[in-house]
Amino acid sequence: MRVLGIETSCDETGVAVYATNGGLLAHTLYSQVELHACYGGVVPELASRDHIRKLLPLIHEVMAEAGLGATDIDGVAYTAGPGLVGALLVGALTGRCLAWSWGVPAVAVHHMEGHLLAPMLEPEPPEFPLIALLVSGGHCLLVEVDGVGRYRVLGESIDDAVGEAFDKTAKLLGLPYPGGPALAALARQGDPERFTFPRPMTNRPGLDFSFSGLKTFALNTWRTSAQDDRARADIARAFEEAVADTLAIKCRRAVRQTGIRRLVIAGGVGANQRLRARLGDLMKAQGGSIFYPRPEFCTDNGAMIAYAGYQRLRAGQSAPLSVSVKPRWSLDELQPADS
Ligand code: KG4
Ligand code: ZN
């Protein structure tokens with residue numbers, strides 16, 4: 001079985017083909033970062049228009065790279081949510097129409113399920129059950145995973161997603177969009193001893209998160225500092241330390257609560273090296289193991305959608321001909337792939 005995967009939920013157009021024989025046959029990604037940079041964030045209408053411009057050429061490119069024609073594809077997977085409604089509609093309509101014209105099934109994929117399963121594309125994938133820490137621009141979730149589609153959300157952010165907090169903090173420090181990677185790079189030069197930021201919601205039980213206070217703390221620290229390059233780097237470092245520590249504390253709790261010793265980190269912030277190192281140390285101390293996608297598959301991509309769609313199509317699931325997208329969609333609502 002060969003599945004074409006399409007991702008257009010935000011500002012990245014991703015396309016890939018995943019197959020029973022050979023795994024990931026080809027993948028490509030076009031990032032709209034330059035388009036949105038001058039606005040300091042994603043402009044939804046511009047994102048939709050750019051997906052329209054790029055998607056079909058990228059599909060042609062991927063099919064050519066995989067050496068496949070239309071008759072070689074057995075199913076089409078598209079991201080149906082959560083995400084920006086206009087952007088989602090471009091991928092969903094294109095994917096659904098292609099599947100219809102090729103006479104093959106289509107499947108609507110949950111974007112966060114794509115992130116969650118992305119480590120399965122690596123040479124040594126984790127087995128189930130596992131705990132997944134999903135940290136992206138729109139989400140921060142801890143999930144107990146018993147199989148494809150068998151998800152129990154253990155905790156989530158009650159306000160900002162962790163990537164959002166990175167981006168907002170970077171913006172107030174005057175760093176360019178997208179802020180997360182820029183802030184992480186600057187933090188490397190920062191002094192970890194100069195400022196200490198709070199570890200939100202760690203002094204009470206539970207696995208929920210809150211990150212909006214950290215951003216405010218960063219703003220107040222910046223305003224009362226010399227507002228020079230030294231302060232900028234030291235604040236970046238303190239912020240990153242606080243995020244990594246907070247996530248590690250919650251992951252340790254999740255491991256203890258569930259008894260599960262396999263931890264997956266996925267989503268854009270999963271590319272953060274300090275976070276990876278901190279969670280790696282944690283899992284070592286717990287006698288467990290940690291899994292993450294290669295950095296390019298931490299951020300949005302078509303490969304994870306092709307893989308998640310492949311799992312569901314293989315289990316006989318498919319989407320109806322009518323297309324609907326879900327800008328908001330909880331992982332808890334998904335059905336197991338093998339039900
Ligand atoms: O998963 P993703 O590509 O898109 C969403 O589904 O949201 O995640 C993007 C987020 C952005 O907030 C970006 O700033 C953050 O991931 N990010 C990082 C790093 N690389 C990307 N945050 C911290 N450190 C990084 N190295
Ligand atoms: Zn994402």
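Counting starts at 1 for both ligands and their atoms, following the listed order.
Taking the charged nitrogens against the carboxylate oxygens, E144 and R150 have no contact shorter than 4.0 Å, which rules out a salt bridge. By the 4.0 Å N-to-carboxylate-O rule, D229 lies close enough to R232 to be salt-bridged with it. Between K284 and D281, none of the side-chain N atoms (NZ, or NE/NH1/NH2) sits under 4.0 Å from a carboxylate O, so this pair counts as no salt bridge.
Proximity of a side-chain donor or acceptor of T94 to a complementary backbone N or O of G91 within less than 3.5 Å is not detected. Under the 3.5 Å distance criterion, the side-chain polar atoms of H110 are matched with a main-chain donor or acceptor of W329. For K250 (side chain) and M201 (main-chain N/O), a donor-acceptor pair under 3.5 Å exists by modelled atom type.
For H115, every heavy-atom contact with ligand 1 shorter than 4.0 Å involves the side chain, none the backbone. Contact annotation for Q273 and ligand 1: no heavy atom of the residue comes within less than 4.0 Å of the ligand.
Nearest non-hydrogen protein atom to atom 14 (O) of ligand 1 is D167 OD1, 2.6 Å. Looking at atom 15 (C) of ligand 1, its nearest protein heavy atom turns out to be V269 CG2, 3.9 Å. Here the heavy atom of the protein found nearest to atom 22 (N) of ligand 1 is G180 CA, 3.6 Å. Counting protein heavy atoms only, atom 2 (P) of ligand 1 is closest to D300 OD1, 3.3 Å.
Separation of atoms CZ (R194) and CG (D234) is listed at 4.5 Å; rounding is to 0.5 Å.
A side chain to side chain donor-acceptor pair (under 3.5 Å) with H51 holds for exactly one of T8, T13, D11; it is T13. For the side chain to side chain donor-acceptor pair (under 3.5 Å) test with K215, the passing option among D167, D159, D160 is D160; the others fail.
Backbone and side-chain nitrogen or oxygen atoms of T299 are examined, and none is located within less than 3.5 angstrom of a nitrogen or oxygen of ligand 1. Polar contact with ligand 1: present for G268 (N/O pair, distance under 3.5 Å). Between G137 and ligand 1, an N or O atom pair is found at a separation short of 3.5 Å. The N/O atoms of A184, backbone and side chain alike, include none that comes under 3.5 Å of an N/O atom in ligand 1.
Per-residue contacts place H111 under 4.0 angstrom from the following atoms of ligand 1 (heavy atoms of the residue considered): 6 (O). The atoms of ligand 1 that sit less than 4.0 Å from any heavy atom of G163 are 12 (O).
Residues L29 and L24 are members of separate hydrophobic clusters, defined by side-chain heavy-atom contacts under 4.5 angstrom among Ile, Leu, Val, Met, Phe, Trp and Tyr. Put simply, Y292 and L130 are part of two different groups of oily side chains (I, L, V, M, F, W, Y) that touch within less than 4.5 Å, one to the next.
Remark: among candidates D11, V135, N272, the nearest residue to atom 25 (C) of ligand 1 is N272, based on non-hydrogen atoms.
Excluding water, every protein N/O/S atom under 2.8 Å from the Zn ion (ligand 2) is given here by residue and atom: H111 NE2, H115 NE2, D300 OD1.
The shortest heavy-atom distance from P181 to ligand 1 is under 4.0 Å. Between G138 and ligand 1 there is a heavy-atom distance shorter than 4.0 Å.
Checked against ring pair (Phe, Tyr, Trp, His ring centres under 6.0 Å), Y177 has no partners two or more places apart in sequence or in another chain.
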